[in-house]
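Quick notes on the structure that follows.
Note that ligands are numbered from 1 as they come in the structure, with each ligand's atoms numbered from 1 the same way. Computation of the quantities below employed the complete heavy-atom set of this structure, encompassing side-chain atoms and omitting hydrogens, waters and symmetry-equivalent molecules. This structure is a prediction, so every number in the text was calculated from the model and none was measured. Residue numbers count from 1 along this sequence.
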Amino acid sequence: MFEKQPEGLRQKVKLLATEALNKSDPSGWFDRLYSQANRDPDQVPWARLKPHPYFQDWLNKNQPQGNHRSALVIGCGLGDDAEALARVGFNVTAFDISPTAIAWCQQRFPNSPVSYVVADLFALDPAWRHQFDLVLECRNIQALPLNVRSTVIDAIAALVAIEGILLLITRFRQTEAEPDGPPWALSNQELAQFQDLGLEEVQRDSFIEAENPSVQQLRIEYRRARKVR
Ligand SMILES: C[S@@+](CC[C@H](N)C(=O)[O-])C[C@H]1O[C@@H](n2cnc3c(N)ncnc32)[C@H](O)[C@@H]1O
């Protein structure tokens with residue numbers, strides 16, 4: 001299983017997330033979780049200290065050559081996906097809303113070429129619009145509730161350069177009914193928004209892990225057409 005789910009940790013996440021949602025601050029609990037983890041990755045449910053396996057698999061299959069093109073890692077957590085992109089030659093920017101997570105990345109990778117920055121997906125620098133040749137969105141949309149979904153998808157889609165790629169890794173739900181979360185899996189109707197925003201779906205892979213057969217995950221590669229809508 002790729003997400004650690006010991007009962008105590010699951011309950012802690014639920015509690016922190018519920019408190020934040022009650023304050024209409026859906027991203028407000030992440031820095032608390034990182035900070036309370038006290039640099040122990042076992043206290044961060046999604047931390048693996050290696051690239052996400054579906055992202056690593058995509059790198060292995062596609063062998064992208066960065067050649068100093070720009071890449072952006074959204075909600076970079078502890079930085080392993082960003083480091084993997086830097087290793088294949090991208091100029092990588094990686095951001096997270098949590099200052100503690102960003103400081104942790106900088107401590108783990110002191111000589112890294114990655115630019116680690118604190119930034120909020122809900123208030124991104126307009127200068128980033130259509131600036132990145134490769135954008136990695138791994139498990140962040142699903143970590144935010146449905147009432148902000150459309151805003152989050154808009155913000156992510158806007159980052160992709162003309163002819164750039166967005167790689168999305170997410171849980172998927174088959175129905176449009178509201179799921180219990182976090183995480184809140186994405187539906188086809190929600191995913192269709194990327195296409196409405198000018199991103200063409202070029203590849204979709206589906207995964208079900210033997211240890212967790214009720215959870216379907218997707219890896220979708222989108223490409224922005226030459227003409228920006
Ligand atoms: C479920 S974790 C996934 C981390 C990483 N992408 C991975 O797959 O391991 C969600 C990440 O999104 C970050 N995050 C949450 N809200 C955010 C926001 N508004 N802006 C930027 N990052 C945010 C959290 O701090 C956390 O690191």
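Note on L191 and W184: separate hydrophobic clusters, where clusters join Ile, Leu, Val, Met, Phe, Trp and Tyr whose side-chain heavy atoms are under 4.5 Å apart, directly or indirectly.
Contacts with ligand 1 closer than 4.0 Å are made by no heavy atom of P183, backbone or side chain.
Near L121, with a cut-off below 4.0 Å to any heavy atom, the atoms of ligand 1 are 18 (C), 19 (N), 20 (N), 21 (C). The contact set between ligand 1 and A119, taken as ligand atoms under 4.0 Å from a residue heavy atom, comprises 20 (N), 21 (C).
On a distance-only criterion, D96 and ligand 1 share at least one N/O pair closer than 3.5 Å. Of the N or O atoms in I97, one or more lie within a sub-3.5 Å distance of an N or O in ligand 1. Looking at ligand 1, you won't find any N or O of A143 less than 3.5 Å from one of its N or O atoms. Inclusion of F30 in the set of residues having an N or O under 3.5 Å from an N or O of ligand 1 is not warranted. In terms of N/O distances under 3.5 Å, ligand 1 is approached by R139. Considering backbone and side-chain atoms together, D81 places no N or O closer than 3.5 Å to any N or O of ligand 1.
By heavy-atom distance, the residue among G79, G75, P26 lying nearest atom 5 (C) of ligand 1 is G75.
Under the 3.5 Å distance criterion, the side-chain polar atoms of Q142 are left unmatched by any main-chain donor or acceptor of N140.
Ligand 1 does not have A47 within reach: every non-hydrogen atom of the residue lies 4.0 Å or more from it.
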